[in-house]
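Below: the structure, in structure tokens.
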Protein chains: 4
Amino acid sequence: MQVNSVETLFKKTLANSKLSAKQQAVLQVSLTLFAEQGFDRTSTSEIAKAAGVSEGTVFKQFKTKEGILQAIVNPVLAHVVPMVATEFLDELKTNDLNDLETFLQYAIQDRMMFAVENRLQIKVFAQEMSRNPNIVATLSAKLEAMVAGELGTALQRFKDRGELVDWPNMRIVRYLVGTVASYVLPQIFFAPTADFDAAQASRDALDFLMHGLAPAK
Amino acid sequence: MQVNSVETLFKKTLANSKLSAKQQAVLQVSLTLFAEQGFDRTSTSEIAKAAGVSEGTVFKQFKTKEGILQAIVNPVLAHVVPMVATEFLDELKTNDLNDLETFLQYAIQDRMMFAVENRLQIKVFAQEMSRNPNIVATLSAKLEAMVAGELGTALQRFKDRGELVDWPNMRIVRYLVGTVASYVLPQIFFAPTADFDAAQASRDALDFLMHGLAPAK
Amino acid sequence: MQVNSVETLFKKTLANSKLSAKQQAVLQVSLTLFAEQGFDRTSTSEIAKAAGVSEGTVFKQFKTKEGILQAIVNPVLAHVVPMVATEFLDELKTNDLNDLETFLQYAIQDRMMFAVENRLQIKVFAQEMSRNPNIVATLSAKLEAMVAGELGTALQRFKDRGELVDWPNMRIVRYLVGTVASYVLPQIFFAPTADFDAAQASRDALDFLMHGLAPAK
Amino acid sequence: MQVNSVETLFKKTLANSKLSAKQQAVLQVSLTLFAEQGFDRTSTSEIAKAAGVSEGTVFKQFKTKEGILQAIVNPVLAHVVPMVATEFLDELKTNDLNDLETFLQYAIQDRMMFAVENRLQIKVFAQEMSRNPNIVATLSAKLEAMVAGELGTALQRFKDRGELVDWPNMRIVRYLVGTVASYVLPQIFFAPTADFDAAQASRDALDFLMHGLAPAK
DNA sequence: TATGAATGAGCATTCATTCAT
DNA sequence: CATGAATGAATGCTCATTCAT
């Protein structure tokens, strides 16, 4: 199993933008620094130095420090998030996941690895979401589109087959996400313990969810 | 159902300390300001003004801005958290919660209300936890003590009666917390939607958990 | 009565220069912006944007921001000021101003209207004069040439006829200018009051000057 | 003849304020620097260095650079200007100036010396007036009060005795000020020529004004 | 000739912290 | 214990100017 690297996808997105190499560097190092130290604890001179550009260059393009964050957040929302979502859905389709258990096993492990792999980037976004409701709204809309679309179709098929409880899809997704998050959020936000066993965690989560989401008898 | 106010408990704890009234005021307004705007975006002069003290007073006792945070976090960890835990466990005992469903119903609703009620304070702590591993360790230890103690006893009783799946207590608690968190974390960190229906959320969560944590047949 | 527009004359002067259209645009918008906000409060990027040229273009020709000012001031001193002076003197000759009163009446009203009409441009020059002694020297020289030339001849004729006090011409001009300035300077530098009545002001000023400059009995 | 020093009066005013010695120093050197180089060309670090204080001190009290200017302008308008006006009027009364000529001679020479003496301070105020209409309004009101009060009374007495033309007092004052200004404004704003002969200028101005303001026969 | 990305010194301002009173 | 004036390093940002294309 091979999960996307948000950092890589972000770089690709930047490469397609009309930003100069130096300005791309600013955004790349900003993402890293914001992830490592937080937005408020990263100074613009630090960014300039790390990107190998002058302080003037940073502001010439992005106007304000907040503007740098926007210049990261917007393309991620517009391009990286959809790419990640599409690849995830594609993998679900490609991998011949016929019964719910196989489906969930794959999905859970995949997202768990994705979360761990992209810890720092998720942290930046989560922190920014707590101040910027627009991001929350955008991501919510994208999630709802997914649930109303392909993901919903898949869930419905499992319901029809009597493998999945007949709850609204958003409620089912809430428990899926919540359960996965109960494993990965501590890794992301608190001590990232070296001994985190994603495979075991996936099995455990699957076990729990297969019970919790089984159809009522 | 009547949940603790962390703010109130914190004030009581301060009242028992040997801090002067002015210094108590500093800590109280700091907690509020940190919650509202974040630690980094709150200046010490802002604290001084809001507390009605001079700028010197803020530092006389607490040495540094970080020291103010510690002077909040430490008593909360040392006194407020135990009081909250004790009251929670006491309520669980007092309320004649004999079967698992009744027990979980109460516990879930109680903690959900607690979380919503103390949103801002939880936010301060969560943010501080993401940079201070000590707090994580301390809270982890307290949680483990709970699970090893009274809470574990209660869970064991349900297991013995065949009402609860025979998983390690920490795993069970993880799913309990994760499921409740899937409802309250968005309220705490992102848009606190006015129409959040804690009662309905509690029923839904209970429903899910009762299935997920049912013993294997 | 129809007074010169410094702005128009300046444009004509530019049109005769070997400057490209873009560079002419730079000087034109610079004059306007300097007048509106002052030299120090006008940035070169602001000029570039307003002129519709790149930032590089601004400096390609004029080297420094101060150079832009010089490129405005010099042609104005070299061409616009002489044109204004010549036209003024020509009008004085053309209009059959035989006696002092008619002469002064015309001159005062004409210059008052000129000052009000070209308020902003005068302001730029006045501000620049207070830091650049060269302009003062140049303008002084031009004034002296006028007084030594045609204007002096006219004044002398009035003296010879016994209509004008026998003071040095520069002294007479000082009072003429000072009296007109006592009306127009407040308009130029402070609140430009909408209700300024140039005709009435001219009559009053004339009245006063006819007394003050009458020959001793 | 001994004219007020605005600088001295300003210092006295500051001494009566509740500003600390360092903050008074900030205002004093600011007044000087603003006069010498203009507001925009004076940096706050320059002010701090010249005042012998840290940059923080400058802003602790005055919040913004504009705030420094206000902290100079306001006390001058509130205290220095009235003191200057009062002293001027007192001197006019004390000096037994019975006929118009003696009166004007004294007044003209006194104000001319005052203007030359306080060149730099007048420059600061004039520059600030061209951006801040409030100052213009305040000074206008004070001038009108003077003209409606003691100064008006004096002028009326000369009118009654047939020594002074029967024009509105404001008009008479306009010519007085304008004529004096025609001598001193060039000194203040342009090259302050070393050879300026205030005594001679006063005599000339008096001569002109005595003619211009003589009553109609 | 014109462009516009890049520069880096400089600016106004903020901030946590100190210390004499 | 409390004050608040004073500090000076650091911050986000602007600006005139340069230079490769």
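Reminder, nothing fancy here: chain letters follow the sequence lines and each chain counts from 1.
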statement: Separation of E/dG10 atom P from D/Arg41 atom CZ, nearest Å, is 16 Å

field: For D/Ile72 against D/Leu31, the heavy-atom pair lying closest together
entry: CD1-N, 3.7 Å

- prompt: What is the distance, rounded to the nearest whole Å, between atom NZ of B/Lys49 and atom P of E/dC15?
  reply: 11 Å

- prompt: With nearest nucleotides of DNA chain E determined for C/Gly56 and D/Glu46 from heavy-atom distances, which residue corresponds to the more 5′ nucleotide?
  reply: C/Gly56

- prompt: What is the distance, rounded to the nearest whole Å, between atom CD of D/Glu66 and atom P of E/dC11?
  reply: 18 Å

query: Whole Å only: how far is the CZ atom of B/Phe62 from the P atom of E/dT17?
result: 14 Å

- prompt: Starting at CG of A/Asp40 and ending at P of E/dT14, how long is that distance when rounded to a whole Å?
  reply: 16 Å

- prompt: So, is B/Lys22 close to the F/dA2 phosphate, meaning a side-chain N or O under 4.0 Å from OP1 or OP2?
  reply: no

message: It should be established whether C/Lys60 places a side-chain nitrogen or oxygen under 4.0 Å from OP1 or OP2 of nucleotide F/dC19.
response: no

task: In whole angstrom, give the distance that lies between atom CD of A/Gln24 and atom C1' of E/dA6.
output: 16 Å

query: If we call it a pair only when both distances are under 3.5 Å in a Watson-Crick or G-U wobble match, what pairs with E/dT3?
result: F/dA20

- prompt: Between atom NZ in B/Lys65 and atom C1' in F/dA10, what is the gap in whole Å?
  reply: 14 Å

message: Less than 4.0 angstrom between a side-chain N/O of D/Ser54 and OP1 or OP2 of F/dG8, yes or no?
response: no

- prompt: Are any side-chain N or O atoms of D/Lys65 and backbone N or O atoms of D/Thr42, one a donor and one an acceptor, separated by less than 3.5 Å?
  reply: yes

query: Donor-acceptor pair, A/Gln24 side chain versus A/Leu19 backbone, under 3.5 Å?
result: yes

- prompt: So what does B/Ser43 touch, heavy atoms closer than 4.0 Å: a base, only the sugar-phosphate, or nothing?
  reply: sugar-phosphate

task: Ignoring backbone atoms, establish whether A/Gln61 has a side-chain N or O less than 4.0 Å from OP1 or OP2 of E/dG4.
output: no

- request: Using atom CD of B/Gln23 as one end and atom P of F/dC1 as the other, report the distance to the nearest whole Å.
  value: 6 Å

message: When you measure from the side-chain N and O atoms of B/Thr57 to the phosphate of F/dA2, is any distance below 4.0 Å, counting only OP1 and OP2?
response: no

- request: Kindly give the heavy-atom pair with the smallest separation between A/Arg41 and A/Glu46, and that separation in Å.
  value: O-OE1, 3.7 Å

- request: May I ask you to evaluate whether A/Ser20 reaches the phosphate of E/dA6, defined as a side-chain N or O under 4.0 Å from OP1 or OP2?
  value: yes

- prompt: Pick the nucleotide of DNA chain E nearest each of D/Lys63 and D/Ser45; which residue has the one closer to the 5' end?
  reply: D/Ser45

message: Quick check on side chain to side chain contact (heavy atoms under 4.5 Å, CB included): which of D/Thr44, D/Thr57, D/Leu69, D/Ile68 does D/Phe62 satisfy it with?
response: D/Ile68

Closest nucleotide among E/dA16, F/dA6, E/dT7 to the B/Thr44 side chain: E/dA16

message: By the definition side chain to side chain contact (heavy atoms under 4.5 Å, CB included), identify the one residue from A/Gln127, A/Glu66, A/Glu128 that meets it with A/Phe39.
response: A/Glu66

message: Using a 4.0 Å heavy-atom cut-off, does D/Val53 contact any base of the nucleic acid, only the sugar-phosphate backbone, or nothing at all?
response: sugar-phosphate

- request: Identify which nucleotide among E/dA5, E/dG8, F/dG12 has an atom closest to any side-chain atom of C/Glu55, counting heavy atoms from C-beta outward.
  value: E/dA5

